[in-house]
Amino acid sequence: MRRVRIALLLLLAACQGEKGTGPELASRIEVSPGEVTLLAAGATQRFSAQAEDGNGSTVPGVSVTWRSSNAAVLRVDATGLATAVAEGDAAVIAQSGGASGQADVTVDIPTCVQPQLVQLSPGQMLVSDPPASASCALTLPAGNAGDRYRVAIVRLTSAVDAGSTTATLTLAPRGGVVADAPPRILAPALAPLFGPREAALLERSAAVADETARAHLRLRAAEEELLRRVGPLRPSVPRLLASPDGPMKVSPSQRTFSARTSSETSCTAKPAVNGVLVAQNSDIAVYQESAQAQAKPLAAAHVQRLLDFFTRFGRSTIESHFGAIPDRDRNGQVVVFATLFDSTSVSVSVAAFVWGGDQLAKVSCPASNEMELVYFNSDLINLMGSGNYQALETLVHEVKHVVSFNQRITGVSFSLHPAWMEEGTAEIAGEVASRRAWAAAVPAGPPENGVVTRQSFAASGSKFTPENYGVGLRIFRTVQYLSTQPNAVVAAPPSGYSIYGSGWHF
């Protein structure tokens, strides 16, 4: 019996021994921190290890050994202190018996001595050329919780179809750990800003604007070719419109025009057509093609609104930002020739256009009208009767083109702007004029440089007014633009996103 008792005691002791602690019971080793980037040779990081059993419970009292998977990149001592040696990737490995764990370390030693730190307030932007060295790329500060940046590659070209180029933008964290994005909280959907009637007006205006953009790109390219063919022009002192406070020169009741369409971009002489004066002021004289004036006359009230808008807000916008309005023919006015353009569909046509050749002498361009001339769609003017005021900011856009071409041929500038810049700045001119008009309206809209919200339109009584229509159209086209390509500014009207009326807001 004594021998049996001893055997049972030994068996009991052995069973109790299996409940003890020791390296043989650790199933895995958790190494912290799990991911680190070191930015200089000699930089250090201390790691810690925690042993766990198969159930994930901590196993105390376990000793580990430390080593590096690549000593040429990273050294690790017996205490878990890692030291960067050279650029590369390595793992810090902790081991105890058959259990092990590791942390991933990247040694990234910048070659850039003074990296450019981006310091932006909300709403600000920075345009920068690609860095010559990837290690000297822009550095974004960590900022505050909730900060967001929009980063994009912008390709600028004056060619309409310049082919495609592949570019890659890489965003990489440095010196920190990227946390998981917080759960997305969906805000309740807002009611549409514009009702069905307003949306229908904007849809039509956007279609007209897109067709106009296509025509303008053709015209800008043809103007460049025309100037190359004409050759160097002798610089001259530009003739400018007189002060709006001076005496008004009265234009004749009828004029003859060398008519053209937006698709005609040559200097070949065109047939002459008659125009009758509809209305004028100190800045603008509006003529309508005589045959159309009989069948579909312009409403005098709408033409007067067009003249008043330009004189109050358009001229000051152009001259304060882009230069004085020329007067090559010494008539004291920019001439608007209203006619019905050929439509690509029943309801969509070009809004207006300027042909730079009209400012050249006939010896250089036989089809020139030798004046500051804007061809305007008479239908667009009459649409003001239905609440569509697109014509107002359109005239400002076109006169900005008149100014730019005159600056080129008088030597004020040495070359035409690329199409993306010329069209984009003309869009800005039209929008700024609308902002100025809205700020001066009764009731007053947002300040010219203030923030526009949905409440801004509600405060105007009826959502659309002659003053704010141009702004509403820009917002509408911006929504279209962002829904198709949120990170590009592209001069490609058929593609649904463009610098016209939208991309410059980006």
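The figures here come from the full heavy-atom set of this structure, side chains too, leaving out hydrogens, waters and symmetry mates.
Between the side chains of His216 and Glu211, no donor N or O sits under 3.5 Å from an acceptor N or O. Using a 3.5 Å distance cut-off with no hydrogens or angles, the side chains of Ser386 and Asn388 do not pair a donor with an acceptor. Counting only N and O atoms by type, the side chains of Tyr375 and Thr261 include no donor and acceptor under 3.5 Å apart.
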Using ring-ring contact (aromatic ring centres under 6.0 Å, His included), reason through Phe457 and Trp438 one step at a time and then give a plain yes or no. CA-CA 10 Å; Phe457 287 89; Trp438 197 7; 5.0 Å; yes

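When ring centroids are compared, Phe194 and Phe464 come within the 6.0 Å threshold.
Relative orientation of the Tyr469 and Tyr389 rings is perpendicular, given thresholds of 30° and 60° on the angle between their planes.
To the nearest 0.5 angstrom, Gln102 atom CD is 5.5 Å from Ile93 atom CD1. Between the CG atom of Leu138 and the CG atom of Leu117 there is a distance of 9.5 Å, given to the nearest 0.5 Å. The line from CZ of Phe376 to OG1 of Thr394 is 5.0 Å long, rounded to the nearest 0.5 Å.
Under the salt bridge (charged side-chain N to carboxylate O under 4.0 Å, His left out) test applied with Lys400, the options Glu422, Glu393, Glu319 reduce to a single match, Glu422.
With respect to Arg28 and Asp53, no salt bridge is recorded, no charged nitrogen being found less than 4.0 Å from a carboxylate O. Salt-bridge formation is not detected for the pair Glu448/Arg435: no Lys NZ or Arg NE/NH1/NH2 atom is positioned less than 4.0 Å from an Asp or Glu carboxylate oxygen.
In terms of heavy-atom proximity, Ala82 sits nearest to Val92 at CB-CG2, 4.3 Å. Between Ala426 and His401 the shortest heavy-atom distance is CB-CE1, 3.6 Å. The nearest pair of heavy atoms linking Ser63 to Ser96 is O-OG, 3.2 Å.
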